[in-house]
Amino acid sequence: MKKLPRKFFERSTLEVAGDLVGKVLVFGDKKAVITETEAYFGDDPASHGSRGVTKRNFPMFGPAGHTYVYFIYGMYFCLNITTEKEGFPAAVLIRGVRVLDTNELFNGPGKLCSHLGITKKHNDIDVCRSGLVYVADAGIKLKAKKTPRVGIKKNAHKKWRFVAV
DNA sequence: GAATAGATCCGC
DNA sequence: CGGATCTATTCA
């Protein structure tokens, strides 16, 4: 499998979010096909990065190809991968994966993080350099469908969610 | 220092 | 539809 280069993540967030569907997320010895993503970037009020850099969202402002893991609702972690250029807040939320081998399906950012064991320890990891966490192209072709994002109130009508059909 | 909203999930 | 459960951010 080919590990995706930083160049892949340095494109527009919407393109990266769409292209990530069908790619393989490698986390330690686990591999999972990404089936669902959402895009968060710029001054979109639903994005954590829309009101400037903070202690929580700083990876969104860093270089592309880094993880951004945050804790939400007191119980769940959510995994993002940052995109675009350094200084511009942008990331793709991984919402759903299908684990290879076991064929388990995790539809939801909180569920996939708890099952794969993703925690705050994995925040701000460079997926282009790390051998532990990265994204690869396994030659799988999945078509992505654009739908409205879920779980947000602001800018909810924007079709920035990509689901494998 | 205190209040509160939050990129969720599950059970009723 | 409400509760669990806690943190970062916002507000006073």
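Naming convention: chains lettered A, B, ... in sequence-line order (proteins, then strands); numbering from 1 in each chain. Being a predicted model, the structure only gives us computed values, none of them experimental. Reckoned from all heavy atoms, side chains included, excluding hydrogens, waters and symmetry mates.
Tested against V24(A) for a side-chain contact (heavy atoms from CB on, under 4.5 Å), the candidates V135(A), I34(A), V97(A), I140(A) yield a single pass: I140(A). Remark: of the listed residues Y68(A), F58(A), Y40(A), Y68(A) is the sole one forming a side-chain contact (heavy atoms from CB on, under 4.5 Å) with H48(A).
For K55(A) and dT7(C), the NZ to P distance is 10 Å, given to the nearest whole Å. Across the protein-nucleic acid pair, F77(A) atom CZ and dC9(B) atom P stand 14 Å apart, rounded to whole Å. Whole-Å rounding puts the N107(A) CG to dT8(B) P distance at 12 Å. In this structure, H48(A) places its NE2 atom 4 Å from P of dA7(B), rounding to the nearest Å. Distance CZ (R51(A)) to C1' (dT4(B)): 13 Å, rounded to an integer number of Å. In this structure, K111(A) atom NZ and dA7(B) atom C1' are separated by 15 Å, rounded to whole Å. One can place CG of L93(A) at 16 Å from P of dG6(B), the figure rounded to the nearest angstrom. Per the geometry, OH belonging to Y70(A) stands 9 Å off C1' belonging to dG6(B), to the nearest Å.
Residues T67(A) and I118(A) form no side-chain contact, since every pair of their non-hydrogen atoms from C-beta on lies 4.5 Å or further apart. Side-chain contact between L14(A) and W160(A): present, with at least one pair of heavy atoms (C-beta onward) separated by less than 4.5 Å. Proximity of F9(A) to I81(A): side-chain heavy atoms (C-beta onward) are separated by under 4.5 Å at one or more points.
Shown for residues 33-41 of chain A: no residue has heavy atoms falling under 4.0 angstrom of DNA chain C. The stretch residues 148-165 of chain A has no heavy atom under 4.0 angstrom from DNA chain C at all. Remark: nothing in residues 59-69 of chain A comes within less than 4.0 Å of DNA chain C through any heavy atom.
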Would you tabulate the nitrogen or oxygen pairs shorter than 3.5 Å linking the protein to nucleotides 3-6 of chain C?
| unit_1 | atom_1 | unit_2 | atom_2 | d |
| --- | --- | --- | --- | --- |
| dT5(C) | O2 | Y73(A) | O | 2.6 |

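Summarising the local packing, CZ of R129(A) is surrounded by 12 or fewer heavy atoms from other residues, nucleotides or ligands at distances under 6.0 Å.
Sequence neighbours left out, the pairs with a member in residues 122-143 of chain A that pass ring pair (Phe, Tyr, Trp, His ring centres under 6.0 Å) are F27(A)-H122(A).
In DNA chain B, consecutive stretches of 3 or more Watson-Crick or G-U wobble pairs with both distances under 3.5 Å are given as paired ranges: B:1-6 with C:6-11, B:8-11 with C:1-4.
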